[in-house]
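We count ligands from 1, going down the list as the structure has it; atoms in each ligand are counted the same way. Please read these numbers as outputs of a predicted model, since none were measured by experiment.
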Amino acid sequence: MLLQGKRIAIFNVANKRSIAWSIAKSMDAQGASLILGYQNERNKGTVEGLAEELVHEPLAILPCDVAYPEQIEELQESLKDKADTIHGLVHSLAFAPREALQHAYLFTEREQFLTALEISVYSLVALARALTPVFSSQASISTLTYYGSEKVMPNYNVMGVAKAALEASVRYLAHDLGTAGVRVNAISAGPINTVSARGVSGFLDILKVHEQRAPLGRTVEGREVGDTAVFLASDLASGITGEVIYVDTGYNIMGF
Ligand code: NAD
Ligand code: IMJ
């Protein structure tokens with residue numbers, strides 16, 4: 001029971017394929033008390049239904065659309081009320097306008113760029129700051145990133161740029177929050193068939209190539225990302241901050 005007695009907030013679960021849900025299941029299995037976030041009313045019922053499957057009933061299921069600053073601010077009060085303090089925050093959300101993932105990066109429009117960076121990167125900074133008053137000493141923040149931040153992946157485009165900024169944000173936040181005992185890390189997950197990935201053109205080819213090239217000869221499972229999030233949130237990772245940990249069946253180490 002690596003997370004017994006820990007209260008951890010996870011943003012956001014959309015459905016059963018969401019990486020956030022895999023993380024919730026792994027953390028629940030290790031004894032954590034969870035706060036689950038959802039983006040909008042469409043997801044609310046789904047998340048409430050999924051929550052029934054957990055061993056421990058969530059402390060709260062809260063709305064969190066990061067496009068609205070007041071919703072981020074409200075989380076501070078809701079969490080104080082429902083959880084007192086929290087020991088962990090998981091940021092598992094991203095968005096870029098679909099068209100920006102369909103044309104060459106060269107043609108990214110200003111609004112598309114700003115939306116992608118605001119929702120996928122600034123949200124981590126905003127959530128970390130808004131929740132600082134409710135963090136216990138020695139809390140942990142984890143976010144999700146992708147290898148497209150470092151190497152060009154077809155169609156990943158402005159999301160690759162956003163993930164590069166996200167990973168840099170992890171380092172700067174780790175520096176800012178280090179003296180408060182708060183650790184900040186990223187998990188770089190291999191491709192997983194979620195709503196955010198499956199609609200992408202050529203995604204099935206990417207899964208196939210990943211399988212062929214990765215040292216483990218397969219793609220990564222949600223559970224493996226969830227279990228790494230458990231480790232990072234646990235006291236076992238007390239010396240790790242500002243890092244990007246790969247959970248990609250080894251794909252990133254290959255040169256050819
Ligand atoms: P998903 O679609 O299940 O999750 C994305 C989440 O982002 C959803 O819950 C959605 O509601 C939320 N979201 C989008 N816009 C939002 C907003 N304005 N405010 C609040 N929440 C918003 O897909 P996923 O694959 O589980 O994605 C989770 C994270 O994992 C993302 O950061 C993604 O970039 C990252 N990631 C995914 C993969 C993959 O292959 N699926 C690989 C590496 C990293
Ligand atoms: C997304 C786009 C292009 C290539 C991609 C992905 N590859 C992978 C993803 C190779 C693995 C999934 N991923 C890592 C993401 O971070 C996805 C982010 C995303 C997806 C969508 C699709 C629907 C939409 N906007 C999106 N914004 C962000 O409208």
Side-chain angles (χ1 to χ4, degrees), residues 10-24 36-44 46-47 50 61-69 71-72 75 90-105 108 112-113 115-124 126-127 142-167 169-170 186-210 219-222 224-226 228-229 244-249 251-252:
I10 305 176
F11 302 105
N12 270 338
V13 177
N15 57 42
K16 67 172 198 279
R17 290 174 188 269
S18 293
I19 292 175
W21 179 241
S22 297
I23 293 173
L36 300 177
Y38 61 88
Q39 184 188 350
N40 54 42
E41 290 300 309
R42 278 199 308 276
N43 308 124
K44 186 181 182 191
T46 311
V47 179
L50 284 171
I61 300 177
L62 303 173
C64 172
D65 188 327
V66 297
Y68 301 97
Q71 278 197 30
I72 297 180
L75 286 176
V90 176
H91 174 275
S92 180
L93 62 91
F95 178 78
R98 182 174 289 281
E99 313 77 65
L101 307 174
Q102 290 170 334
H103 305 295
Y105 178 64
T108 308
Q112 297 171 334
F113 185 96
T115 298
L117 275 282
E118 180 187 5
I119 303 301
S120 313
V121 188
Y122 185 72
S123 61
L124 178 68
L127 280 169
S142 297
T143 186
L144 272 294
T145 188
Y146 179 58
Y147 191 48
S149 64
E150 296 170 60
K151 302 289 178 194
V152 174
M153 294 294 179
N155 300 322
Y156 201 54
N157 300 353
V158 71
M159 275 309 305
V161 174
K163 291 302 191 189
L166 182 73
E167 291 168 22
S169 295
V170 162
I187 295 172
S188 187
I192 298 179
N193 201 347
T194 65
V195 168
S196 287
R198 61 200 317 195
V200 165
S201 77
F203 184 70
L204 291 181
D205 293 332
I206 282 164
L207 287 180
K208 218 178 294 162
V209 170
H210 189 100
T219 54
V220 75
E221 288 166 21
E224 297 174 309
V225 177
T228 301
V244 178
I245 298 195
Y246 294 87
V247 183
D248 66 348
T249 57
Y251 186 89
N252 78 93

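Between the Thr115 side chain and the Gln112 main chain, no donor and acceptor come within less than 3.5 Å of each other. Not a single donor-acceptor pair under 3.5 Å links the side chain of Asn157 to the backbone N or O of Met159. With hydrogens and angles ignored, the 3.5 Å screen pairs no side-chain donor or acceptor of Thr145 with any backbone N or O of Ile187. Side-chain atoms of Lys163 come within 3.5 Å of backbone atoms of Leu144 as a donor-acceptor pair (strictly under, hydrogens ignored).
Residues passing the ring-ring contact (aromatic ring centres under 6.0 Å, His included) test with Tyr156, sequence neighbours excluded: Tyr146. Listed by chain and number, the residues in a salt bridge (charged side-chain N to carboxylate O under 4.0 Å, His left out) with Glu224 are Arg218 (sequence neighbours excluded).
For the residue pair Asp248 / Ser188, no side-chain donor-acceptor distance below 3.5 Å is found, with atom types taken as modelled. If you check the side chains of His91 and Ser142, you find no donor sitting under 3.5 Å from an acceptor.
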Close N/O pairs between ligand 2 and protein, under 3.5 Å:
{"unit_1": "ligand 2", "atom_1": "16 (O)", "unit_2": "Tyr156", "atom_2": "OH", "d": "2.7"}
{"unit_1": "ligand 2", "atom_1": "25 (N)", "unit_2": "Ala96", "atom_2": "O", "d": "2.7"}
{"unit_1": "ligand 2", "atom_1": "27 (N)", "unit_2": "Ala96", "atom_2": "N", "d": "2.9"}
{"unit_1": "ligand 2", "atom_1": "27 (N)", "unit_2": "Ala96", "atom_2": "O", "d": "3.3"}

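Taking all atoms of both residues into account, the shortest heavy-atom contact from Val225 to Ala189 is CG2-CB, 3.9 Å.
Contact residues of ligand 1 (protein heavy atom closer than 4.0 angstrom to a ligand atom; sorted by chain and number): Asn12, Val13, Ala14, Ser18, Ile19, Gln39, Cys64, Asp65, Val66, Ser92, Leu93, Ala94, Phe95, Ile119, Leu144, Thr145, Tyr146, Lys163, Ala189, Gly190, Pro191, Ile192, Thr194, Val195, Ser196, Ala197.
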